[in-house]
Number of protein chains: 2
Amino acid sequence: MGRKPLTTEQRDAMRARILDAARKQFLKGGLNDLSMRDIASNVGISAMTIYLYFRNRQAIVFALIREGLDKLRDEMYRFTEIEDPMERLIRMGEAYVGFAFENPQYYRALTETIPHNGRDRDRRAEHAKLLDDVSAMVKPILQTVGELTGSRKSREATNETLVLWCVLHGFVSLALNDRLRFLRASDDDLRQQLRRMVPRMLTVRRD
Amino acid sequence: MGRKPLTTEQRDAMRARILDAARKQFLKGGLNDLSMRDIASNVGISAMTIYLYFRNRQAIVFALIREGLDKLRDEMYRFTEIEDPMERLIRMGEAYVGFAFENPQYYRALTETIPHNGRDRDRRAEHAKLLDDVSAMVKPILQTVGELTGSRKSREATNETLVLWCVLHGFVSLALNDRLRFLRASDDDLRQQLRRMVPRMLTVRRD
DNA sequence: CAACATTTTTTTACAGCGTAAACAATGGGA
DNA sequence: TCCCATTGTTTACGCTGTAAAAAAATGTTG
């Protein structure tokens, strides 16, 4: 007896509505401007109701970061079918940079969220898993670089991938956070410059 | 008539005490854990008294970022006297990475603070100037790269510097934010690996 | 129907935040 | 002593995340 619990569909629908409102807010003003009360008000529910669908604010943040991760991976994996490893690599690099420029909030959340070091073991584990997954998004690049350097030397492929990822991320990170002012270049100029850099990084490395 | 204003020394002393407390808090928990009330309580004054010495919280944040910038520049400029440009560059790169690993909070504040886009023109200008200065910290590297590539082609030197800075920052940023988990390497391993990367990046580029 | 059990939602409350405004203390010149 | 500019504190406002209590909604049973 008693009131029946919500169906899975109902729960998922409400979660989606909450996440939609959260995403809207997040894409506009970043994680800092994401408040439980604003989300609730946009959904049309009271603030505490959110806690029936998400454990807390960080659960929402994590969900958004996972979204960003999925989106970025999709846009990179789109090119896994290209046969020529060099071209595949270039396309993936461009996709990576393109994603970052078009989704700066997602990219910042993906790369700048600070690891959690609280007492709560579950929380730590959850955060660790998220960081593992973010870190692992470089795998298709790693595999492609492996094809380029010869699959035997996996250590070398790892090193080359590290360099490449650092260039890509460093560039994007500095550009998004407006730390490339000394160049006095537009975003388009920068992206074009980087496009020339990616193949050079690896053509150089091939010999 | 009226009470005499504090001497410059008195004002500076109090500013320093406030900044000391702020720095202590900041180095421990980053910018997010920096609260006016905690600073005040540590100095032994009331929260609002801080506002007699700093316009607001962001003025304190900016002061801390400027500290970090000065510190980082000092540690890089220490090697400007080295004659061999290649060695000078390597030392500067190591100093850059060393600073970041030993002062993660400073480094994050230096590179991840989000540009201000409010209505206040003075605030925007102040932030823009800070970002200009952070961006300009790459100049000694730029100049050294210029010596290596031949001073005529300043455009090429700029490009090479950009790549190098991106590698350095990208590496540091990913490492500090724990996004290099796929490597399963310790901080020391990572730094050693980077040390091998820096000269290679440029020896490659010399020919 | 009323009574009850159970789940969902809201209301209320607390501790924290940055900071504007009002107030109190200080100390030198008239 | 009174005045008044300067320094410092107290109070208050509107935010924040979320714990706890109260309320509402919705089903089953007598």
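Just so we're on the same page: letters track the sequence lines, and every chain starts at 1.
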Verify, without hydrogens or angle tests, whether B:Arg108 (side chain) and A:Glu112 (backbone) share a donor-acceptor contact under 3.5 angstrom.
no
Which ones in residues 15-54 of chain B lie close to DNA chain C, meaning a heavy atom under 4.0 Å from one of its atoms?
B:Leu34, B:Ser35, B:Met36, B:Arg37, B:Asp38, B:Met48, B:Tyr51
Below 6.0 angstrom between ring centroids: does that apply to A:Phe101 and A:Tyr107?
no
How many whole angstroms separate atom CD of A:Gln58 from atom C1' of D:dT16?
15 Å
Derivation of the salt bridge (charged side-chain N to carboxylate O under 4.0 Å, His left out) call for B:Asp70 and B:Arg73:
CA-CA 5 Å; B:Asp70 289 343; B:Arg73 279 194 297 219; 2.9 Å; yes
What's the CZ-C1' distance between A:Arg3 and D:dA23, to the nearest Å?
12 Å
Taking all non-hydrogen atoms of both residues, which atom of A:Met137 and which atom of A:Met76 are closest, and how far apart?
O-CE, 4.3 Å
Any chance you could measure B:Ile50, atom CD1, to B:Ile60, atom CD1, to the nearest 0.5 Å?
5.0 Å
Can you tell me how far C1' of D:dA25 sits from CE of A:Met14, to the nearest Å?
14 Å
Specify the separation, in whole Å, of atom CG of A:Leu6 and atom C1' of D:dT26.
11 Å
Rounding to the nearest 10°, end axes of the helix from C:dT6-D:dA25 to C:dA30-D:dT1 built from five pairs each make an angle of 40°
Just how far, in rounded Å, is C1' of C:dT19 from CZ of B:Arg55?
13 Å
Got A:Met36 and A:Asn56 here, is their nearest side-chain heavy-atom distance under 4.5 Å?
no
A:Ser135 and B:Arg179 side chains, donor-acceptor separation under 3.5 Å
no
Using heavy atoms to find the nearest nucleotide of DNA chain C for A:Lys4 and B:Arg57 separately, return the residue whose nucleotide is more 5′.
A:Lys4
Ring center gap for B:Phe171 and A:His169 short of 6.0 angstrom
no
